[in-house]
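What follows is a short report on a single structure.
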There are 2 protein chains.
Amino acid sequence: MKTGRAPRLIDINILRVACSSCSLRELCLPAGLDSGEMERMDRLVTHRHRLRRGAGLYRAGEPLATLFAIRSGFMKSCVLHDDGREQVAGFHMAGDVLGLDAIGGGSHTCDTVALEDTEVCEIPFASLEQLSRELPSLQHQLHRIMSREIVRDHGVMLLLGSMSAEERLAAFLLNLSQRFAARGYSPNEFRLRMTRQEIGSYLGLKLETVSRAFSRFQERGLILVRQKDVRMLDVPGLKAVLDSKR
Amino acid sequence: MKTGRAPRLIDINILRVACSSCSLRELCLPAGLDSGEMERMDRLVTHRHRLRRGAGLYRAGEPLATLFAIRSGFMKSCVLHDDGREQVAGFHMAGDVLGLDAIGGGSHTCDTVALEDTEVCEIPFASLEQLSRELPSLQHQLHRIMSREIVRDHGVMLLLGSMSAEERLAAFLLNLSQRFAARGYSPNEFRLRMTRQEIGSYLGLKLETVSRAFSRFQERGLILVRQKDVRMLDVPGLKAVLDSKR
DNA sequence: CGACCTTTTGAACGTATTCAACCGATGTGG
DNA sequence: CCACATCGGTTGAATACGTTCAAAAGGTCG
């Protein structure tokens, strides 16, 4: 798990971890904290963790020790059915907080895997609960993050329950685009970190269906796809796909 | 909204609201509180609210003022797509807490409607946050409830994303059965409070498909359905439907 | 360069949807 | 209290959409 390092390097690493100097702080758990509060948060979040592409962060069943905030990179989380069926429950990028599903039962309920080299910050959960009792804005931000996760899941349920394949893919691309934009990346050009299979799993479709939908979007001039690179050519057109069926 | 009452009746009502004397307290928000803590909870939850069948509790867009705990009855919540499409996001019964989705953005993101005459307790959210800063077990229970909602939603996503119509209905019936059991009702015989249309909306199916699946389950001797009354004849058989596909 | 994985595309198939008719239960007004 | 209107549920037949199976091309990595 932990990569062995010389003591001096560890010290440097700890200094670097500070939320207060993190460019993502307004997207992440410490959003809205003042500088004094942020300093207390710094003392809580003292460890980072590097993951190679393909490496898992935690697996279903493991006890909850810390939440994780993505510092850089891209991850997926997968829920598992008893019978081995597995489904991608979400794709996660910088600023997202992972592990919230484990609070209820004390242990994780899904697997998380890095889809590219990824760095995560460890947020010890017991200490977080304690600190959030002292800092109302931290408490509120934690509540907001959990609530937004619920709202996000409701959106996915709507997508899975009542949209056609093309509508699902359009919604997926628009959502990704918007999240990249919120992090300062181009909303019009990005690289998919996941396979067609993983997109399909998330959208409740087979990989062939995803591939065909990509091709049709390209034929209609809505996007340009080459392998994992996507260029959004006609965002209003993609939005229209969502309203088409009324 | 509020039903006008004579002062004396209001007093009686307030006395009756107390969490400490509520039979659902171990299923609900105050689960795990000691008697001193429970008393403080009593002071927070001072209002109940009666809903006739068909009446709404809140609608998407309304600002969050209080969470609601179902004291008795049965409700549904519906998420709405921009274009008017609507989907049932959940069915809720005694002990369930409603309104968690509103915390993130400050206003509700779904509509909630009573499917039978229902009583809900009002939990002012700002006061709840304040009290949960003082009572670690309350804080933790709130976190647990939000987390469990996330896990539940993941389960629905799995269902919508990778199960056949029959598997979805079997999972739905088994889940209902288990929740009735947890509340002291028979897990083998219950009355559905929702229409086939609403079940279908929740499961991502059309009402005809739901109806056909019910009929096939009955033909196979798994259940007995007459209108809204269901008797579970072969629970292991229903569970087998879930594992059938592998 | 060769092995493997991902993606694309075609054709046949199957499941859920759509359209339509009918039945039964419920509730209302004469 | 019954006639009638309405709503919810069931069932059948035709259709549509996504899946499955299969083959081949393009990328990636040893």
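So you know, we letter chains A, B, ... as the sequences are listed, proteins then strands, and number each from 1.
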* Asked: With a non-hydrogen cut-off below 4.0 angstrom, is B:Gly204 in contact with a base, only sugar-phosphate, or nothing?
  -> sugar-phosphate
* Asked: Has A:Ser211 got a side-chain N or O lying under 4.0 Å from the OP1 or OP2 atom of C:dT9?
  -> no
* Cation-aromatic face contact B:Arg193/B:Phe91, 6.0 Å, 45 degrees -> no
* Measure the spacing between OG1 of A:Thr112 and CE of A:Met75 and express it to the nearest 0.5 Å. => 4.5 Å
* To do: Check whether any side-chain nitrogen or oxygen of A:Lys228 sits under 4.0 Å from OP1 or OP2 of C:dT6, and answer yes or no.
  => no
* Neighbour count above 12 (heavy atom, 6.0 Å) for A:Arg216 CZ -> yes
Would you be so kind as to tabulate the donor-acceptor pairs closer than 3.5 Å made by side chains of residues 145-157 of chain B, with sequence neighbours excluded?
unit_1, atom_1, unit_2, atom_2, d
B:Ser147, OG, A:Leu100, O, 2.7
B:Ser147, OG, A:Asp101, O, 3.1
B:Ser147, OG, A:Ile103, N, 3.3
B:Ser147, OG, A:Gly104, N, 2.8
B:Glu149, OE2, B:Arg152, NH2, 3.2
B:Arg152, NH1, B:Tyr202, OH, 3.3
B:Arg152, NH2, B:Ala89, O, 3.3

* Check the distance between D:dC17's P and A:Met163's CE and give it to me in whole angstrom. => 17 Å
* Under 4.0 angstrom, heavy atoms only, what part of the nucleic acid is A:Leu205 near: base, sugar-phosphate, or nothing? -> sugar-phosphate
* For B:Gln227 and D:dT10, give me the distance from atom CD to atom C1', rounded to whole Å. => 10 Å
* To do: Assign A:Arg216 to base, sugar-phosphate, or nothing according to its heavy-atom contacts below 4.0 angstrom with the strands shown.
  => nothing
* What is the distance from CG of A:Leu192 to P of C:dT7, rounded to the nearest Å? -> 9 Å
Under 3.5 Å, N/O pairs linking protein and nucleotides 18-20 of chain C:
unit_1, atom_1, unit_2, atom_2, d
C:dT18, O4, B:Arg212, NH2, 2.8
C:dC19, N4, B:Glu208, OE2, 3.3

* **Atom pair distance, as rounded to whole Å: CZ in B:Arg196 and P in D:dT11** => 10 Å
* To do: Let me know the distance between CZ of A:Arg226 and C1' of D:dT28, rounded to the nearest Å.
  => 14 Å
* Asked: Within this structure, what is the CZ-to-P distance between A:Phe214 and C:dT7, rounded to whole angstrom?
  -> 9 Å
* **Short side-chain N/O contact from A:Thr195 to OP1 or OP2 of C:dC5, under 4.0 Å** => no
